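Worksheet: the structure to be examined is printed underneath.
All of these numbers come straight from a predicted model, not from anything done at the bench. Ligands are counted one by one from 1 in listed order, and the atoms in each one are counted from 1 as well. Count residues from 1 along the sequence.
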Amino acid sequence: MSASAPAKIVVLASGAGTLLRSLIDAARVEGYPADIVAVGVDRDCPATTHADDAGIKSFRVRLGDYADRAAWDAALTEAVHAYVPDLVVTAGFMKILGPSFMAAFGGRIINTHPALLPSFPGAHGVADALAYGVKVTGATVHLVDSGIDTGPILAQETVAVSDDDDEASLHERIKVVERRLLAEVVAAVALRGVISDGRKALIPSE
Ligand SMILES: Nc1nc2c(c(=O)[nH]1)N[C@@H](CN(C=O)c1ccc(C(=O)N[C@@H](CCC(=O)O)C(=O)O)cc1)CN2
Ligand SMILES: NCC(=O)N[C@@H]1O[C@H](COP(=O)([O-])[O-])[C@@H](O)[C@H]1O
């Protein structure tokens with residue numbers, strides 16, 4: 001990432017894409033230090049519509065279209081590589097990125113997770129936290145590594161659990177935090193980079 005040109009970002013998503021839409025809106029603000037150059041999905045989902053509406057190129061790499069997971073991983077890697085991104089952001093992308101992808105983009109992949117890692121990793125963090133009976137949960141933005149939600153943490157913010165919460169109500173309140181936190185972290189990393197020893201990560205101060 002050069003000091004002046006905005007960082008090129010590819011966003012990966014699998015679902016409603018409301019976090020993607022928030023990042024698209026943030027990137028439209030004059031001076032935001034990153035441009036979303038493409039959106040990738042692993043299934044047909046509303047995230048593609050958000051990209052289309054914003055005039056952003058999109059691509060789909062479905063697991064079922066490939067012989068096995070390794071072939072899918074290689075195809076996704078190739079599809080993302082075509083855009084030569086500085087950063088990859090997974091915003092509700094519901095597939096574990098494999099060895100090919102990590103070899104190509106490791107250290108430059110930012111994920112947002114709807115729980116306070118290391119608690120409640122995986123595809124069902126909100127439901128798992130609710131089922132456990134926690135009184136406080138939250139959002140985690142982290143670097144992606146080869147594990148599942150084990151990468152170095154970049155930012156976290158708490159969200160109180162209400163007695164009358166169900167998964168949908170709690171998840172939406174967490175998403176409100178994620179939409180802001182993700183845009184903030186992406187901008188900070190785009191501007192100042194990140195230093196990581198593989199367990200801890202630091203975004204240098206101003
Ligand atoms: N190598 C990594 N890839 C990804 C990570 C990561 O930490 N390391 N984070 C995910 C996002 N995520 C949680 O934040 C997450 C998403 C999905 C899963 C999961 O178990 N997926 C299943 C399939 C689920 C489905 O298809 O509906 C799978 O991949 O087999 C765990 C964590 C992004 N990628
Ligand atoms: N473990 C991965 C995971 O649960 N990701 C979560 O999917 C949601 C996507 O919301 P969106 O589709 O409305 O952008 C977000 O809450 C994100 O943290």
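Residue-ligand proximity: G151 is placed with every non-hydrogen atom at 4.0 Å or more from ligand 1. Residue contact annotation: R69 has a non-hydrogen atom under 4.0 Å from ligand 1. Residue contact annotation: G147 has a non-hydrogen atom under 4.0 Å from ligand 1. Distances from ligand 1 to the non-hydrogen atoms of L63 include no value under 4.0 Å. Judged by the shortest distance from any of its heavy atoms, G17 lies inside the 4.0 Å radius around the atoms of ligand 2.
Considering CG of L20 and NE2 of H50, their distance stands at 6.5 Å, rounded to 0.5 Å. Residue L76 holds its CG atom at 6.0 Å from CZ of F59, rounded to the nearest 0.5 Å.
Each of the atoms 15 (C), 16 (O), 17 (C), 18 (O) of ligand 2 lies under 4.0 Å from some heavy atom of E178. Per-residue contacts place A16 under 4.0 angstrom from the following atoms of ligand 2 (heavy atoms of the residue considered): 12 (O), 13 (O). Within the listing of ligand 2, atoms 8 (C), 15 (C), 16 (O) sit less than 4.0 angstrom from a heavy atom of H171.
The heavy-atom pair separating I24 from A54 by the smallest distance is CG2-CB, 3.7 Å.
When non-hydrogen atoms are compared, ligand 2 lies under 4.0 Å from the backbone of H113 as well as from its side chain.
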